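First the proteins, then the strands, lettered A, B, ... as listed; each starts at 1. Computed from a prediction, not measured in an experiment: that's the story for all the values here.
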Amino acid sequence: MRRQIAEVKSLLPLAEDFFNRDPRRVARALLGKILARRTPKGLLAGRIVETEAYLGEGDAAAHSASGRTARNSVLFGPPGFAYIYFIYGNYYCANVSCLPDGVPGGVLFRALEPVHGIAMMARARGVSLRSDQDLRKISSGPGRLCTALGITRVRDNGKDLTSAKSDLRIMDDGFRVRRIEVGPRIGITKSAHHPLRYVIAGNPFVSR
DNA sequence: ATATCGATTATCT
DNA sequence: GATAATCGATATG
């Protein structure tokens, strides 16, 4: 009889090198990783199941398309930093900067599968957890996941996501993604046809 | 100074 | 499936 081996889940934070490359590669590699917020009341965490890459030059949909401004300067800075922006008068969206200092690029977090602190995140989102369907309302969408993790521009824009001192980090728990589906990005009008959206195939927590 | 519009979401029909 | 809500960044005069 084969002895059952307890799987040790080491939780390794991603380092700067992980983000120092093309956003398309980072967006793929981020699928399956854990976005985690440390709070005084405990850990809030979700598995990344949907991302979008935003490039520098030539990507009209990217906020970095028309050069560096006060708003988008994080995208032009070193890799592994949080770019948070306010959208539609109501919501925040969270990105991580990619490529070396001086070269713009980033990846938008579009959906998480809740894994830890689910009750707290549900409360932050104002959803009651009665059915499995309600679980999807917690963090399936770029604005929703920011609300769930308490991500705002004032709190988190410019934060180093690779620093041990940061309360917002990205971890690798060893999860292996089977298959990735690629398609056009959502909610944009310019450069709309490029296949820069990545999802874990079959995962029920993707947006839309 | 004013107008437009958006990397969204909740709430309708 | 369609639309209102809501405000800051950006474009235009």
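A salt bridge between Lys159(A) and Asp167(A) is present, with a side-chain N of the basic residue lying under 4.0 Å from a carboxylate O of the acidic one.
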Dot-bracket assigned to DNA chain C with the 3.5 Å Watson-Crick/G-U criterion, [ ] for crossing and | for other-strand pairs, is |||||.||||||.
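The number of heavy-atom neighbours closer than 6.0 Å to CZ of Arg123(A), taken from other residues, nucleotides and ligands shown, is 12 or below. By the neighbour-count criterion of 12 heavy atoms within 6.0 Å, atom CG of Asp132(A) is sparsely surrounded, having that number or fewer from other residues, nucleotides or ligands.
At a threshold of 4.5 Å between non-hydrogen side-chain atoms, the residues Arg68(A) and Ser73(A) count as touching. Within the 4.5 Å cutoff, no side-chain heavy atoms of Leu31(A) are placed close to those of Asn203(A). At least one side-chain heavy atom of Tyr198(A) sits less than 4.5 Å from a side-chain heavy atom of Arg24(A). Taking 4.5 Å as the limit, every side-chain heavy atom of Met121(A) sits out of range of all side-chain heavy atoms of Ser139(A).
Side chain of Arg125(A) to main chain of Ile138(A): a donor-acceptor pair is present (N/O by atom type, distance under 3.5 Å, no hydrogens or angles). Judged by distance alone, the side chain of Ser140(A) and the main-chain N or O of Ala111(A) form no donor-acceptor pair under 3.5 Å.
Applying the ring pair (Phe, Tyr, Trp, His ring centres under 6.0 Å) test to Tyr92(A) and every residue at least two apart in sequence or in another chain returns Phe86(A).
No continuous path of ILVMFWY side-chain contacts below 4.5 Å connects Ile48(A) to Ile186(A), so the two sit in separate hydrophobic clusters.
When heavy atoms are screened at a 4.0 angstrom cut-off, Ser66(A) is found touching no nucleic acid atom at all.
A cation-pi arrangement is present between Arg47(A) and Phe175(A) under the rule of less than 6.0 angstrom and at most 45 degrees off the ring axis.
Of all nucleotides in DNA chain C having an atom under 4.0 Å from a heavy atom of chain A, the first and last in 5' to 3' order are dA5(C) to dT10(C).
DNA chain B is contacted by no residue of residues 111-120 of chain A, taking any non-hydrogen atom closer than 4.0 Å.
Residue pairs meeting the ring pair (Phe, Tyr, Trp, His ring centres under 6.0 Å) criterion with at least one partner in residues 37-69 of chain A, sequence neighbours excluded, are His63(A)-Tyr83(A), His63(A)-Tyr85(A).
Rounded to a whole angstrom, the distance from the C1' atom of dC5(B) to that of dT3(C) is 16 Å.
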Protein proximity profile, nucleotides 7-13 of chain B - base contact B, sugar-phosphate-only contact S, no contact -, cut-off 4.0 Å on heavy atoms | BBSS---
